[in-house]
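Let me begin by presenting the structure, written as structure tokens, before commenting on it.
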Number of protein chains: 2
Amino acid sequence: MPIKKVLIVDDDSNICELLRLYLEKDGFKTVIANDGESAVNMFNTEEPDIILLDIMLPKLDGWQVCRAIRKLSDVPIIMLTAKGETFDKILGLDLGADDYVTKPFDSKEVVARVKAVLRRTSGNDENVEKIVKYDKLVINLTNYELIVDGVAIDTPPKELELIYHLASNPNKVYSRNQLLDEVWGFEYYGGSRTVDVHIKRLREKLENVSDQWTIKTVCRVGYKFEIKQS
Amino acid sequence: MPIKKVLIVDDDSNICELLRLYLEKDGFKTVIANDGESAVNMFNTEEPDIILLDIMLPKLDGWQVCRAIRKLSDVPIIMLTAKGETFDKILGLDLGADDYVTKPFDSKEVVARVKAVLRRTSGNDENVEKIVKYDKLVINLTNYELIVDGVAIDTPPKELELIYHLASNPNKVYSRNQLLDEVWGFEYYGGSRTVDVHIKRLREKLENVSDQWTIKTVCRVGYKFEIKQS
DNA sequence: ACAGTTTTTTAATAATTTATTCATATATTT
DNA sequence: AAATATATGAATAAATTATTAAAAAACTGT
């Protein structure tokens, strides 16, 4: 999952910094604009993945900004609205915002909204089928299926994620720690030998499946999904 | 993947040891400073890749240290803050910290943060293909492959790293000690003759591969990957 | 919340691979 | 030629991985 960039637009720099803080704590990159004009400019130069947009702004107000950006792009926009504003006024006006939060807001909630909006709009991550195929092997991470020669093989999720990760970058050697970070996640804490065991089980399942590829050990370094030259 | 060095700054040596334990279990090198002054000194002498910095410190407090270091470098800094501190106070003051954790913290989480910060700050050299080519020889350190005339030759990692290192700077002479430092790593303790043996095995594998280059001994000095003029 | 089931992790040890040392032959420098 | 340095081959040591079984953790359906 690539890091997402959030464009924060608000004339109150305390709010900007607060949002930035929470968002960056959550792994987002952030850029900040303090007025409507620079918001549009930064949208063009920074190419953010999502925009948090205040309505009350100098130079161009949030609505104008929203409209201007909508002409250029379908980037998700979350409006930051004053308490009094009504829904219809915000979303119903066909401005094309994707969500809104009312001030004063809870920063955590804003982050949650950002994630939610990204989840449902980013067509790339969750809506694209995560499938890798090599010869008689199909690894389908959308359905969590491992298919060998057309036959589904019952495979625990970690194993599947592991082989998917390896096969997604064929020939690249991954160290155990790299695999733990990238497949298990940063939070994982425990020995790295568990990778070996998962590899072993995968090999059991995939033995003699194909002579086009193999799960190869690179001693002292790690493992790779190797595609044999012909 | 080069080993990263973490500078831990805290006056409570229990905390330092705890962090050290977890970080080293995860493959990081660590150095420890117990007050602000030595923190700045150690930053200069040890050149860490990332700093864990407590705020309450003798001599110089964490903010002063942070500011001092920021004048010298963009090294990532994670602040260790007491529970009460407010966010804005920490990041809003433009101290330039990259992240923070509040005490009491979960050591695992700190390690996770360190990794996360390193990942987003370090100029992702992970995705760069490490490949060197000369004539019929391809040394691929991403896949850990040595390819001669299109055929992969099974090669142990040290040998591969050695030839990669030499071939990355053709014609440059490396002393054995230099090679031990740069390929084996500073931790290595042992005789330097082992370099000879590795060179020998590489020559076996690469004999007559090409008349464009050769692994040359420079008597009393070291070795070089020499490219012949035409 | 519980008992049964599956998955994941740990731990121990056997097997393998890689790295280092050592002894000696060969080569280079002075 | 003497002294110093390197090449080579074999033996040893060290480190890493495979495999197995068992324990722990995470799930499942009730």
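Values reported hereafter were calculated over all heavy atoms of this structure, with side chains retained and with hydrogens, waters and symmetry mates removed. What you see is a predicted model, and the numbers here were worked out from it, not measured in a lab.
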Whole-Å distance between [N] [atom2] and [X] [atom1]?
{"X": "B:R176", "N": "C:dT21", "atom1": "CZ", "atom2": "P", "result": "14 Å"}
{"X": "A:I199", "N": "D:dT17", "atom1": "CD1", "atom2": "C1'", "result": "12 Å"}
{"X": "B:K158", "N": "D:dA13", "atom1": "NZ", "atom2": "P", "result": "19 Å"}
{"X": "B:K205", "N": "D:dA7", "atom1": "NZ", "atom2": "P", "result": "16 Å"}
{"X": "B:L160", "N": "C:dA19", "atom1": "CG", "atom2": "C1'", "result": "15 Å"}
{"X": "A:W184", "N": "C:dT7", "atom1": "CH2", "atom2": "C1'", "result": "12 Å"}
{"X": "A:K216", "N": "D:dT16", "atom1": "NZ", "atom2": "P", "result": "19 Å"}
{"X": "A:D196", "N": "C:dT8", "atom1": "CG", "atom2": "C1'", "result": "14 Å"}

Give [X] one of three labels, base, sugar-phosphate or nothing, depending on what nucleic acid heavy atoms sit under 4.0 Å from its own.
{"X": "B:V195", "answer": "nothing"}
{"X": "B:R203", "answer": "sugar-phosphate"}
{"X": "B:Y189", "answer": "nothing"}

**Request:** Begin from the C-alpha positions of B:D35 and B:S38 and carry the test side-chain hydrogen bond (donor to acceptor under 3.5 Å, both in side chains) through to its verdict.
**Result:** CA-CA 6 Å; B:D35 64 76; B:S38 48; 3.2 Å; yes
Respond yes when some side-chain nitrogen or oxygen of [X] is under 4.0 Å from OP1 or OP2 of [N], and no when none is.
{"X": "A:K200", "N": "D:dT17", "answer": "no"}
{"X": "A:Y144", "N": "C:dT7", "answer": "no"}
{"X": "A:T217", "N": "D:dA18", "answer": "yes"}

[X], nearest nucleotide to its side chain (from [options]):
{"X": "A:V197", "options": "C:dT20, D:dT19, D:dA18", "result": "D:dT19"}
{"X": "B:C219", "options": "C:dT28, D:dA15, D:dT17", "result": "C:dT28"}
{"X": "A:Y223", "options": "D:dT8, D:dT17, C:dT8", "result": "D:dT17"}
{"X": "B:R193", "options": "D:dT6, D:dA18, C:dT20", "result": "D:dT6"}
{"X": "B:Y188", "options": "D:dA7, D:dA18, C:dT20", "result": "C:dT20"}

**Item:** Pair of N/O donor and acceptor under 3.5 Å linking C:dT9 base with A:R201 side chain
**Value:** yes
**Asked** Any side-chain heavy-atom pair from B:I163 and B:L206 closer than 4.5 angstrom?
**Response** yes
**Request:** Answer whether the closest heavy-atom distance between the side chains of B:N140 and B:K130 falls below 4.5 Å.
**Result:** no
**Prompt:** Passes ring pair (Phe, Tyr, Trp, His ring centres under 6.0 Å), B:F225 versus B:Y134? Steps please.
**Reply:** CA-CA 11 Å; B:F225 184 90; B:Y134 287 105; 5.1 Å; yes
**Presence of salt bridge, A:R176 and A:D196, under 4.0 angstrom** = yes
